[in-house]
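Note sheet for the following structure.
So you know, we letter chains A, B, ... as the sequences are listed, proteins then strands, and number each from 1.
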2 protein chains.
Amino acid sequence: MNEPAGRRERKKAATRQKIADTALRLFLERGYGAVGIRDVAAEADVAVTTLFSHFASKEALVFEQDQGFEQGLVRAVADRTPDDPLIPALRREIHAQVRHCAAPGAAPVRNMIDSSPSLREYEESMRLRHAESLAAAIAADLGVPETSTACRTIARFATDAYALAREAADPQAAVDEIFRMIEAAWEASRLG
Amino acid sequence: MNEPAGRRERKKAATRQKIADTALRLFLERGYGAVGIRDVAAEADVAVTTLFSHFASKEALVFEQDQGFEQGLVRAVADRTPDDPLIPALRREIHAQVRHCAAPGAAPVRNMIDSSPSLREYEESMRLRHAESLAAAIAADLGVPETSTACRTIARFATDAYALAREAADPQAAVDEIFRMIEAAWEASRLG
DNA sequence: ACCGTAGCACTAACGGTTAGCTTTATGTAT
DNA sequence: ATACATAAAGCTAACCGTTAGTGCTACGGT
């Protein structure tokens with residue numbers, strides 16, 4: 001997206017991308033567990049330490065662009081019009097994320113993640129981070145303290161909706177079903 | 001509790017207990033990160049492989065008796081009287097678990113867990129397992145398929161309540177606040 | 001042209017975890 | 001009682017993700 005950066009930054013980004021691409025390719029070819037960090041580094045023609053200077057862990061190689069999801073949640077709350085109610089805005093965002101992950105092209109990756117306990121666990125801990133950010137965004141939007149239990153609860157419920165819907169037979173319908181529950185929970189809270 | 005077992009099982013249980021006790025003592029003395037698996041094994045006078053035949057991971061040493069919590073949740077649903085409504089029963093159980101973990105004696109262990117990212121992550125993944133079991137128990141209790149989205153949602157919300165309450169300023173009040181929301185969510189679901 | 005430093009390489013190691021195989025002790029059938 | 005089958009524990013050695021330490025090189029700002 002942003003080309004006009006210096007040579008250094010472009011090279012760094014290129015190295016990062018090459019590592020991520022190589023990793024994903026090898027993982028899909030031979031299986032996540034059957035590919036070692038040293039394999040990825042060798043195939044991408046970088047040192048192991050270089051790989052770890054770009055990615056914090058082996059699992060992070062798979063979730064290269066998870067920032068998009070986190071930012072999406074935060075923006076769904078922060079960047080909405082003043083008369084746009086909170087919960088439906090969240091519901092639309094979760095809908096979009098579920099749709100994105102249920103796209104046919106994403107099937108092999110999803111399958112890989114679902115069959116690796118380590119990756120599943122990593123994804124869950126990611127979702128917790130997302131919930132924290134979302135809680136902060138909601139609290140800021142409403143002008144209540146960041147530690148507000150109601151905000152943190154709604155944030156958790158929303159990220160739960162994503163995880164639960166993905167495992168449901170009809171993900172889109174599941175999002176709607178869960179958000180009917182969340183809507184009720186929200187109205188029952190002090191803030192609704 | 002169950003003494004009259006064979007010698008073999010008693011010895012096995014004794015070994016397991018000795019490992020767990022030694023581990024917890026060392027962790028509290030020197031800090032979780034500063035104690036290696038080899039240290040624990042040496043101090044408990046067992047081989048490293050023996051330790052791993054009793055505990056699946058280093059983190060599992062800390063959560064030795066988590067089965068109690070999982071069973072507590074399941075029993076809170078399954079073993080209640082027929083006229084006892086579901087959500088209040090769950091609320092009472094979560095209340096009890098939060099109280100148990102907020103007990104003064106548990107403070108050092110809680111503190112240790114909270115300061116280790118690895119332990120925090122492990123605890124979260126434990127809670128997910130608990131939510132799965134709870135969802136199954138709820139589904140069985142209501143006679144609906146185990147994959148029911150509403151059941152799985154309520155189960156997640158309940159385990160979320162535990163995690164959120166523990167981090168709140170007034171845990172007991174937080175449980176009540178969150179359960180008012182869960183009650184509303186439940187009534188808005190197809191099953192409520 | 002020069003210097004500070006970001007990025008990367010290399011080696012070596014640490015720490016959790018597992019595989020492979022041997023030994024000891026227990027329960028059971030003869 | 002004896003012998004066999006097997007569960008529990010042991011030992012060694014390694015695998016694999018991850019990090020520390022160190023130095024080199026090329027880019028960017030002055």
Side-chain angles (χ1 to χ4, degrees), chain A residues 2-24 26-27 30-64 112 116-123 125, chain B residues 2-24 26-27 30-64 112 116-123 125:
Chain A
N2 295 344
E3 303 298 336
R7 190 165 321 177
R8 196 121 92 184
E9 297 179 30
R10 270 186 292 118
K11 285 198 178 183
K12 182 173 182 177
T15 302
R16 179 191 164 92
Q17 199 59 43
K18 184 174 186 181
I19 294 171
D21 292 347
T22 305
L24 198 55
L26 291 187
F27 289 160
R30 310 181 202 163
Y32 179 76
V35 177
I37 286 289
R38 291 162 178 87
D39 299 330
V40 176
E43 185 87 5
D45 199 27
V46 296
V48 171
T49 47
T50 300
L51 188 154
F52 277 109
S53 79
H54 287 275
F55 298 92
S57 68
K58 185 186 182 185
E59 293 87 38
L61 288 166
V62 174
F63 298 95
E64 193 224 341
M112 178 180 80
S116 159
S118 150
L119 286 175
R120 289 180 70 100
E121 192 166 333
Y122 184 86
E123 189 179 19
S125 79
Chain B
N2 294 343
E3 303 298 337
R7 188 165 321 177
R8 206 177 237 169
E9 296 178 31
R10 269 185 293 118
K11 284 199 177 182
K12 183 174 182 177
T15 301
R16 180 192 163 92
Q17 198 59 42
K18 185 174 186 181
I19 294 172
D21 292 347
T22 304
L24 198 56
L26 291 187
F27 289 160
R30 309 181 202 165
Y32 179 77
V35 178
I37 285 290
R38 292 164 178 86
D39 299 329
V40 177
E43 184 87 5
D45 198 29
V46 296
V48 171
T49 46
T50 300
L51 188 155
F52 277 109
S53 79
H54 285 275
F55 299 91
S57 68
K58 186 186 181 185
E59 294 88 41
L61 287 166
V62 175
F63 298 95
E64 192 226 341
M112 177 180 82
S116 159
S118 150
L119 287 175
R120 289 179 71 99
E121 192 165 334
Y122 185 86
E123 189 179 18
S125 79

Can B:E64 and B:R16 be said to form a side-chain contact (heavy atoms from CB on, under 4.5 Å), step by step?
-> CA-CA 10 Å; B:E64 192 226 341; B:R16 180 192 163 92; 3.8 Å; yes

[X] [atom1] - [N] [atom2] separation (whole Å):
{"X": "B:I19", "N": "D:dG10", "atom1": "CD1", "atom2": "C1'", "result": "12 Å"}
{"X": "A:D39", "N": "D:dC16", "atom1": "CG", "atom2": "P", "result": "8 Å"}
{"X": "B:F55", "N": "C:dT18", "atom1": "CZ", "atom2": "P", "result": "15 Å"}
{"X": "A:R30", "N": "D:dC16", "atom1": "CZ", "atom2": "P", "result": "12 Å"}
{"X": "B:F27", "N": "C:dG15", "atom1": "CZ", "atom2": "P", "result": "13 Å"}
{"X": "B:I37", "N": "C:dT17", "atom1": "CD1", "atom2": "P", "result": "6 Å"}
{"X": "B:E9", "N": "D:dA8", "atom1": "CD", "atom2": "C1'", "result": "12 Å"}

Residue mapping more 5' on DNA chain C - nearest nucleotide basis, A:R38 or A:T15 = A:T15

With a non-hydrogen cut-off below 4.0 angstrom, is A:V35 in contact with a base, only sugar-phosphate, or nothing?
-> sugar-phosphate

At under 4.0 Å between heavy atoms, what does B:D45 touch on the DNA or RNA strands: base, sugar-phosphate, or nothing?
->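 Answer is sugar-phosphate: B:D45 comes under 4.0 Å of backbone atoms only.
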
Which nucleotide in the set [options] lies at the smallest distance from any side-chain heavy atom of [X]?
{"X": "A:A47", "options": "D:dT18, D:dC27, C:dC10", "result": "C:dC10"}
{"X": "B:R8", "options": "C:dT18, C:dA25, D:dT19", "result": "C:dA25"}
{"X": "B:K11", "options": "D:dG28, D:dG17, C:dT26", "result": "C:dT26"}
{"X": "A:F52", "options": "D:dG17, C:dT17, D:dA8", "result": "D:dG17"}
{"X": "A:V48", "options": "D:dT18, C:dT17, C:dA25", "result": "D:dT18"}
{"X": "B:T50", "options": "D:dC11, C:dT11, D:dA9", "result": "D:dA9"}
{"X": "A:K58", "options": "D:dT18, C:dT17, D:dT12", "result": "D:dT18"}

Under 4.0 Å: is that the gap between some side-chain N or O of A:H54 and OP1 or OP2 of C:dC8?
->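 Checking C:dC8 against A:H54, a side-chain N or O does come within under 4.0 Å of OP1 or OP2.
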
Hey, is the side chain of A:S53 pairing donor to acceptor with the base of C:dC8 inside 3.5 Å?
-> no

Of all the heavy-atom pairs spanning B:A60 and B:F55, show the shortest one and how long it is.
->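 B:A60 and B:F55 have their closest heavy atoms at O-CD2, 3.9 Å.
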
Identified side-chain contact (heavy atoms from CB on, under 4.5 Å) partner of B:L51 from the options B:T22, B:I19, B:T15 |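 Among B:T22, B:I19, B:T15, the one meeting side-chain contact (heavy atoms from CB on, under 4.5 Å) with B:L51 is B:I19.
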
Short question: side chain of B:K58, backbone of B:Y32 - any donor-acceptor pair under 3.5 Å?
-> yes

